[in-house]
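Residue numbers begin at 1 in each chain, while the letters A, B, ... track the order of the sequences.
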2 protein chains.
Amino acid sequence: MTGIREIAIEAEVSPATVSRVLRNPELVSEEKRLRVMEIINRTGYTPNSLGVGLRKAKSNRLVAIIPDAISAFNYPVIRAIESIALEHGYSLLLGDTQEMVSRERSFAAMVRSRQADGILLFCPRLPFDVEPSIPLSEQLPPLVNACELVPINGLAQVDIDNALAAEDGVNYLLSLGHKRIGVVAGNLTSPSTRNRLEGYRRAIHKAGIAYDDSIVKVGDYGLEKAERATLDLIQCPNRPTAIFAFSDEMALSCISTLYKQQLQVPRDISVLGFDNISYANYCNPALTTVAQPMADIGKVCMELLLPQLNGEPMPVIKRVLKHELIVRASTGPAPTR
Amino acid sequence: MTGIREIAIEAEVSPATVSRVLRNPELVSEEKRLRVMEIINRTGYTPNSLGVGLRKAKSNRLVAIIPDAISAFNYPVIRAIESIALEHGYSLLLGDTQEMVSRERSFAAMVRSRQADGILLFCPRLPFDVEPSIPLSEQLPPLVNACELVPINGLAQVDIDNALAAEDGVNYLLSLGHKRIGVVAGNLTSPSTRNRLEGYRRAIHKAGIAYDDSIVKVGDYGLEKAERATLDLIQCPNRPTAIFAFSDEMALSCISTLYKQQLQVPRDISVLGFDNISYANYCNPALTTVAQPMADIGKVCMELLLPQLNGEPMPVIKRVLKHELIVRASTGPAPTR
DNA sequence: GTGAAAGCGCTAACAC
DNA sequence: GTGTTAGCGCTTTCAC
C-alpha cells in the first residue's frame, strides 16, 4: 500500500507537489506533473480517503435512513439518489432501520462522527434532539426529508400530495360506478398512510357516501397482513366492489388472495394500487395504480441536498411532486348485483 | 463538534486517558473513568471515525459489489449481511455496478483507498489485477465471492449448486409429464445462468429428450426480455407445455404474458421459477420455484469474511448451500393434446 | 495509572 | 512553481 510520500520520493518532488498534481494540477509545471502522473498511473496509487477526509473534515459519504431500505418502491428512489451522488463524488450508505428509532439515531450519528456528511431521511421523525428556540435549519447537518415527512416546519422536504393522490384514485373508482370501496392501508404511524386515508374519506364524502369503518383495514405494508385484510373485506356484509390498496405490493397480495377465493379481478372486484412499481405492469391482471414519480423524488432530494453539502444553509422548502393515475386492467365497472 | 481534547480538558486528564476510557477502560482508575464517562455522556461525544480510522488504518466499512443491488433476490441476502456486519461494528456500502466492469473496479478500489476494509463480491470477475505466480489469497484484501462465482480456484466462495438445482426443477416438470420444456434464461455472461442451463440439459438428456435450441431463450433477467422470450416460446411450432424461468421475476413476467395471450397457467402451460422471492407466494397463481437460501447465503458470506477482517488469511473454500423445490400452483400435469 | 509525544496520510498556508 | 511545515483527531508506545 503505497502513499503520497513514496510517490514523491520516486518523482523527486515534495509530497505537496504530488498532492497538487491531484487536486490543483494547474499549479504544477507540466514537466513535474507528467513525471508524477506517470508514477501514479504505473503504481495505481489512490489517496487514502481517511487521510483526505481527516484533513478536509469531510467523508464524501451520504447516509439514507429508510424504514425498509430495499422495497420495490424505494428501489428507484435510491437508484436515482445513488447515481447523482456518485456523479458528485459521494457514495451512498443505506441505513435500514426496520422501523427502529434507535437505528434511525445510530445512523444519524454517523454525521456527528464524520462517517457521513449528509442525511436523506425517509422517516417521519427527526433523529436528533433539537433546541426549539433555535431555527431548525441552523442546528441540523445537511439533510433532506422525503416520502414520510416530519410534521414540523423548517426542513427541506420532498413528497407527493398523498391525500390528493388517493382522492384521485378513489374518484376514478367512483367514476366506474363503485359505491362501496374497501381500503387496505399501511400502518397508521406513517404520515403518508394517514394522508391517503384522508384523501379517501374526502373523496367518498364528496360523493355523498358514508364512511364505513368496517371496510377500512389497517396493515403494515406487508404481504401477509394485506392477505388477512383482503379476506376480512370479502367476508364483510355487503362486500366492497373495489379495493384500494395503499401500495402495489399489497395490491398484488390482494389480487392473489381474491383469486384463491374464486373471485375474479376486475370482474367481481376491482383492485387499485399505489406507487407503480415495475411489477405493476407484469402482474396478472396488470395493475391500475396511482403512480409516484420515484426517480424524480430521488433527483429532487439531491437537488436540495447538494447545496447544503457545499455549505449553503438548508432551504426551508417543501417540494410537492406530481402523481399520476395509471389505468391498466385490474379495475373495471362495478358489478351489478 | 467536540473532540477528545475538549473532553480531556474538562475532565482534567490527558487526551490519552480519554482514549483509554473508550478503548481500554480497565487501564484507567475508576475515579477518572467515571469523571470522563460523565462528560462523554453529557456532551454526546463520539470519536471522529476518520481520526480513528486513520490511526488504526481501518474504516469499519464493507462494500458489496453487486450487478443489480436491489433486486428482489438480492434483498434478503443483503439484509442478512448488513445485519451481521452491524453487529460486528461494520457498516455496509452497496456498490451497484449495473454490470459495468469499471464500476466493479472503482468500488473495489475503495479498499485500496481505505474507504472499506473488505469486499463482498457478487460478480464473476475479480476486480483486481492479480499476479498469477503468487497465491490469490495472499494478494487480495478480505473478500468473499458469492452467487456469481469467479471461475478460478483459491477464493472464499459461497453459492448453491445451480446445475443440480435446475436439474431438480426440470425433473419435477418431467415427473408431471412435460416433455417439451421451454427455458427463459438470464444473460449468459452469468455463470449461474450457464450452470442452470447445464442442469436443464442434463435432466432432459437423462430423460431421453433431445435438446432443442429453439425453445431455450436467453434474456437478461429483466421483465421486458422475459415477456419477449415468452411470446417467442408460445409461437414455436410444437409449443412447450412448461416454461422454466431462471428467476421468479422473469417467471412472473412469463405468467402475465401468457394470460395476455389467453393461456391459462398451469392448465395450458406450467411455469417454474427460481429463487423463491417473497412475491412468489403472492402472485397469481402462486409460483412453483427452486428456492435459494438467501438469508443463509448472506450469513455464510459473513462467516467467511469476518475472520479475514481480523487478520486471518482467506479461507480457500467453496461453501455450497442447499436449494429446495417449492411446489405451489403454477405447475401442473402436462396437457394432453 | 497516567501523560507526553509521535505519527497515521494528507492538504494548505506560508515562505521562498 | 515548489518545498517546508503544521496540523486535522485519534491511539499507542514509552517514560515516569
Asks: Sequence neighbours excluded, which residues qualify as salt bridge (charged side-chain N to carboxylate O under 4.0 Å, His left out) partners of A:R23?
Replies: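 Counting only residues at least two positions away or on another chain, A:R23 forms no salt bridge (charged side-chain N to carboxylate O under 4.0 Å, His left out).
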Asks: Between C:dC10 and A:Y45, is there an OP1 or OP2 to side-chain N/O distance shorter than 4.0 Å?
Replies: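 Indeed, a polar side-chain atom of A:Y45 lies that close.
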Asks: Rounded to whole angstrom units, what separation is found between the CD atom of A:E30 and the C1' atom of D:dG1?
Replies: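 Rounded to whole Å, this separation is 14 Å.
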Asks: Taking OP1 and OP2 of D:dG3, is either one under 4.0 Å from a side-chain nitrogen or oxygen of A:K32?
Replies: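 So the side chain of A:K32 is within the cut-off, an N or O lying under 4.0 Å from OP1 or OP2 of D:dG3.
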Asks: Round to a whole Å and report the spacing from CD1 of A:I4 to P of D:dT4.
Replies: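 Rounding to the nearest Å, CD1 of A:I4 and P of D:dT4 are 14 Å apart.
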Asks: Sequence neighbours left out, cut at 3.5 Å: what donor-acceptor pairs do the side chains of residues 126-138 of chain A make with other protein atoms?
Replies:
| from | atom 1 | to | atom 2 | distance (Å) |
| --- | --- | --- | --- | --- |
| A:D129 | OD1 | A:R105 | NH2 | 3.2 |
| A:E131 | OE2 | A:S133 | OG | 3.3 |

Asks: Can you tell me how far P of D:dC10 sits from CG of B:L22, to the nearest Å?
Replies: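 Those two atoms, CG and P, are 9 Å apart.
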Asks: Could you tell me whether the side chains of A:D117 and A:S59 share a donor-acceptor contact shorter than 3.5 Å?
Replies: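 There is such a pair between these side chains.
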Asks: Taking CG from A:L50 and C1' from C:dT11, how many angstroms apart are they, rounded to a whole number?
Replies: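 These atoms are roughly 15 Å apart.
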Asks: Applying side-chain contact (heavy atoms from CB on, under 4.5 Å), can you list everything that pairs with A:N24, at least two apart in sequence or on another chain?
Replies: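 A:E26, A:L27.
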Asks: Need to verify one output field. Residue with the more 5' nearest nucleotide on DNA chain C, B:V28 or B:G51?
Replies: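 Result: B:V28.
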Asks: Output a table of donor-acceptor pairs, distance under 3.5 Å, between side-chain atoms of residues 10-18 of chain B and any protein atom two or more places apart or on a different chain; print 'none' if there are none.
Replies:
| from | atom 1 | to | atom 2 | distance (Å) |
| --- | --- | --- | --- | --- |
| B:E10 | OE2 | B:R42 | NH1 | 3.4 |
| B:E10 | OE2 | B:R42 | NH2 | 2.9 |
| B:S14 | OG | B:A16 | N | 3.4 |
| B:S14 | OG | B:T17 | N | 3.3 |
| B:S14 | OG | B:T17 | OG1 | 3.3 |

Asks: Between the protein and nucleotides 12-16 of chain D, are there any N/O to N/O pairs under 3.5 Å, and if so, what are the atom names and distances?
Replies:
| from | atom 1 | to | atom 2 | distance (Å) |
| --- | --- | --- | --- | --- |
| D:dT12 | O4' | B:R55 | NH2 | 3.2 |

Asks: Specify the separation, in whole Å, of atom CD of B:E6 and atom P of D:dC8.
Replies: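 Interatomic distance, CD of B:E6 to P of D:dC8: 10 Å.
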Asks: In whole angstrom, what separates A:I7's CD1 from C:dT11's C1'?
Replies: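 Checked: the CD1 to C1' distance equals 16 Å.
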Asks: Could you tell me how far apart A:N60 (CG) and D:dC8 (P) are, to the nearest whole angstrom?
Replies: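 Spelled out: CG on A:N60 to P on D:dC8 is 20 Å.
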Asks: With a 3.5 Å cut-off and sequence neighbours excluded, list the donor-acceptor pairs that the side chains of residues 292-309 of chain B form with protein atoms.
Replies:
| from | atom 1 | to | atom 2 | distance (Å) |
| --- | --- | --- | --- | --- |
| B:Q292 | NE2 | B:D275 | OD1 | 3.0 |
| B:Q308 | OE1 | B:L143 | N | 3.0 |
| B:Q308 | NE2 | B:L143 | O | 3.0 |
| B:Q308 | NE2 | B:L304 | O | 3.0 |

Asks: Calculate the interatomic distance between B:N48 atom CG and D:dC8 atom C1'; express it in whole Å.
Replies: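 Rounded to the whole Å, the gap is 9 Å.
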Asks: Might you point out which heavy atoms bring B:S91 and B:L86 nearest each other, and give the distance in Å?
Replies: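 The pair with the smallest heavy-atom distance is CA-CD1, 4.2 Å.
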